[in-house]
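For reference, the structure discussed in these notes is given below.
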Amino acid sequence: DVKVTQSSRYLVKRTGEKVFLECVQDMDHENMFWYRQDPGLGLRLIYFSYDVKMKEKGDIPEGYSVSREKKERFSLILESASTNQTSMYLCASSFAGNERNTIYFGEGSWLTVV
Amino acid sequence: SQKIEQNSEALNIQEGKTATLTCNYTNYSPAYLQWYRQDPGRGPVFLLLIRENEKEKRKERLKVTFDTTLKQSLFHITASQPADSATYLCALDNNNNDMRFGAGTRLTVKP
């Protein structure tokens with residue numbers, strides 16, 4: 001079974017802190033994604049990566065950065081956390097290529113910024 | 001601008017009936033459309049994928065249609081059960097390495 005593992009399930013951070021959310025997948029997927037999910041807004045794409053050291057902005061990249069130094073690991077970084085970044089963050093991965101495969105999600109990381 | 005709209009935020013139906021959920025999109029030309037199920041506090045789980053040249057896809061009690069002229073997908077659950085209660089998300093693959101999701105429809109099946 002495909003496994004996407006997010007390092008932290010629940011975090012509470014203070015405004016201005018630097019926050020790292022880590023994600024690891026075990027299926028050798030090329031693509032990895034970070035989404036945030038808020039009530040009424042659904043899943044919004046923050047960043048995605050289609051290869052090591054490659055990244056693309058999604059719909060809401062402001063206030064976030066990402067790092068992909070190894071194929072299996074994709075990190076989301078909040079340089080200076082703010083209260084409007086309180087949300088559930090979902091990491092996902094998929095194969096690339098012409099025959100598109102499904103996206104596999106982690107269990108989510110609930111971040112509260114106080 | 002690109003938009004994905006799912007018909008309603010919440011849908012309540014009686015056990016045994018067919019649930020029909022709608023996904024409409026604008027300013028997309030998706031090669032694939034996918035449906036996911038999400039339970040509270042969990043990540044979404046893939047259910048079905050339908051390609052742009054397919055009209056209909058079935059899997060057990062699930063059926064998905066895809067009308068690229070209307071820019072709409074319908075997701076049906078027949079003989080619904082309380083265990084089908086969850087939020088259902090449609091997702092569009094732009095064939096560009098990224099996926100965009102609708103806000104979801106929360107389905108409640110009452111016994």
In residues 54-69 of chain A, which residues are in contact with chain B at a heavy-atom separation under 4.5 Å? A:Gly58, A:Asp59

Should A:Leu76 and A:Tyr35 be regarded as members of a common hydrophobic cluster, given that ILVMFWY residues are connected when their side-chain heavy atoms come within less than 4.5 Å of each other, either directly or indirectly? no

If we check side chain to side chain contact (heavy atoms under 4.5 Å, CB included) with B:Phe101, which of these qualifies: A:Leu90, A:Leu45, A:Leu43? A:Leu43

On a heavy-atom basis, the closest approach of A:Ile103 and B:Phe46 is O-CB, 4.4 Å

Would a hydrophobic clustering, with Ile, Leu, Val, Met, Phe, Trp and Tyr connected at side-chain separations under 4.5 Å, put A:Met88 with A:Leu111? no

Students should find that the hydrophobic cluster of B:Val45, defined by side-chain heavy atoms under 4.5 Å apart, otherwise consists of none

Enumerate the disulfide (SG to SG under 2.5 Å) contacts for residues 25-89 of chain A, please, sequence neighbours excluded, ordered by first and then second residue. none

Side chain, backbone, both or neither: which part of B:Leu89 has a non-hydrogen atom closer than 4.5 Å to chain A? side chain

Is there a path from A:Val4 to A:Met32 through hydrophobic residues (I, L, V, M, F, W, Y) whose side chains come within less than 4.5 Å of each other? no

Transitively linked via ILVMFWY side-chain contacts under 4.5 Å: B:Leu74 with B:Tyr25? no

With chain A as the partner chain, list the residues of residues 102-111 of chain B whose heavy atoms fall under 4.5 Å from it, by residue number, and write 'none' if nothing qualifies. B:Gly102, B:Ala103

Does B:Leu47 belong to the same Ile/Leu/Val/Met/Phe/Trp/Tyr cluster as B:Ile4, with side-chain heavy atoms less than 4.5 Å apart forming each link? yes

What part of B:Gln38 gets within 4.5 angstrom of chain A, counting heavy atoms only: side chain, backbone, both, or neither? side chain

Between B:Arg42 and A:Phe105, is any pair of side-chain heavy atoms under 4.5 Å apart? no

Where on A:Arg44 is there a heavy atom nearer than 4.5 Å to chain B: the side chain, the backbone, both, or neither? neither

May I ask you to check whether over 12 heavy atoms, not counting those of B:Glu60, lie within 6.0 Å of atom CD? no

